[in-house]
Asker: 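Please see the structure below; I have some questions.
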Amino acid sequence: FASYSRGFRSGRFDVEFLHGAQTGFPLADSGPETLDAYEIGTKSSFLNNSLQLNISAFFYEWFNKQTFFVDPATGPAFSNVPKSESKGIEFEVKWAPTDTIYISAGLGLLDTEIKQASGLGSDQVGHKLQQAPGSSFNILASKEFRLGDGVLSLQVDYAYRKKSKNGLAPADLTDELDKQSLLGARATYIFGSQQQYEISAFGENITANKFCTYHFNLASINGNVTCNANEGQAMWGMQGAWNF
């Protein structure tokens, strides 16, 4: 398959309290954004349709990409990056070797670059786009067991994201975001005369991986460089459902 599409996002108005006549900092509105997206790929089935392999390659070209950044001197602000690009390839595998076993995995490789900067200092030609990891990977495996009139499903999943950039220009202490590594598991039991009841026990981020999801440089405002972190703790829980 092959496809081309164009996307559009309208502009945004800056209503931050820090910007305006009361503070002397100018408003930082952002103009509309346009994206041209090109994609080619293939979807294939093997082993009597029990194995599916999907591969796609893409190229995205942004014009006036809207961004949000925190200026150390004036605080939060919007801006437009005149031109930037993103290209990559994605692999996806889905395999059901038996009626009770299912495995899926995905790999993504990504390269981004700013081609033309705004001149505001918040972005730089040649720098990568923010929160765009060069590689990411995920895998899931599940197994079903028949227990009486019900079905027990056991599942384990893992997701990984390489380090990525926090902003659009080099910056001390805040330039890079941590890698992300998340391990999860779930056990689900479906039962009832019409399989209408479901109860699950699950764990998320079992290894208690902690990482920064965003950095803020507020040194000139409150003297801090902050990390917007995830909980960094394993979460365990139970869920129930009744289908009728």
Side-chain angles (χ1 to χ4, degrees), residues 7 9-19 23 25-31 33 35 60 62 64-88 106 108-115 117-138 157-184 204-235:
R9 179 186 293 177
S10 64
R12 296 183 294 184
F13 295 100
D14 187 353
V15 294
E16 288 284 339
F17 175 78
L18 290 173
H19 299 152
T23 63
F25 296 144
L27 295 174
D29 300 333
S30 62
E33 168 190 316
L35 168 64
Y60 295 162
W62 275 282
N64 291 321
K65 181 176 176 61
Q66 296 176 4
T67 65
F68 172 81
F69 71 100
V70 179
D71 189 299
T74 61
F78 295 124
S79 70
N80 290 94
V81 178
K83 186 177 181 180
S84 56
E85 295 178 353
S86 174
K87 56 181 178 292
L109 303 175
L110 179 65
D111 182 44
T112 65
E113 184 179 0
I114 295 175
K115 293 295 186 178
S118 65
L120 299 176
S122 59
D123 51 318
Q124 177 178 296
V125 172
H127 198 272
K128 295 185 180 299
L129 296 178
Q130 58 194 156
Q131 299 190 5
S135 62
S136 59
F137 173 76
N138 66 81
D157 57 85
Y158 174 76
Y160 169 82
R161 284 168 54 108
K162 190 178 180 180
K163 290 182 178 180
S164 61
K165 295 298 183 181
N166 180 68
L168 300 173
D172 293 337
L173 303 178
T174 65
D175 184 57
E176 201 165 55
L177 294 173
D178 303 327
K179 66 180 180 181
Q180 300 181 17
S181 178
L182 297 172
L183 177 66
E204 297 179 356
N205 194 18
I206 294 175
T207 57
N209 184 240
K210 189 171 185 178
F211 48 85
C212 294
T213 60
Y214 203 86
H215 288 295
F216 294 95
N217 185 353
L218 303 177
S220 63
I221 298 177
N222 59 18
N224 293 323
V225 175
T226 64
C227 163
N228 185 15
N230 69 324
E231 292 294 331
Q233 297 180 350
M235 183 175 74

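Everything numeric here is computed off the predicted structure, so don't read it as measured data.
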Asker: Taking it one step at a time, do Lys162 and Lys179 satisfy side chain to side chain contact (heavy atoms under 4.5 Å, CB included)?
Answerer: CA-CA 5 Å; Lys162 190 178 180 180; Lys179 66 180 180 181; 5.7 Å; no

Asker: Answer yes or no: is there a donor N or O on one side and an acceptor on the other, between the side chain of Gln180 and the main chain of Ala159, under 3.5 Å?
Answerer: no

Asker: Please find the pair of heavy atoms, one from Pro82 and one from Asn80, that lie closest to each other, and give the distance.
Answerer: CD-O, 3.5 Å

Asker: Could you report the tightest heavy-atom contact between Ala132 and Leu110, atom names first, then the distance?
Answerer: CB-CD2, 3.7 Å

Asker: For Leu129 and Leu168, which heavy atoms make the closest approach, and how far apart are they?
Answerer: CA-CD2, 3.8 Å

Asker: Nearest heavy-atom pair of Lys165 and Asp175: which atoms, and what distance?
Answerer: NZ-OD2, 2.8 Å

Asker: Specify the closest pair of heavy atoms between Ser136 and Arg161, including all atoms of both residues, with the distance to one decimal.
Answerer: CB-CG, 4.2 Å

Asker: Side chains of Asp123 and Ser118: donor-acceptor distance under 3.5 Å anywhere?
Answerer: yes

Asker: Residues two or more places apart in sequence or in another chain: which of them pass salt bridge (charged side-chain N to carboxylate O under 4.0 Å, His left out) with Glu176?
Answerer: none

Asker: Please test Asn230 against Phe211 for side chain to side chain contact (heavy atoms under 4.5 Å, CB included), starting from the C-alpha separation and ending with a verdict.
Answerer: CA-CA 6 Å; Asn230 69 324; Phe211 48 85; 3.4 Å; yes

Asker: Can a donor-acceptor pair be found, under 3.5 Å and without considering hydrogens, that links the side chain of Gln130 to the backbone of Asn166?
Answerer: yes

Asker: Hydrogens and angles aside, do Ser84 and Tyr60 bring a side-chain donor and acceptor to less than 3.5 Å of each other?
Answerer: no

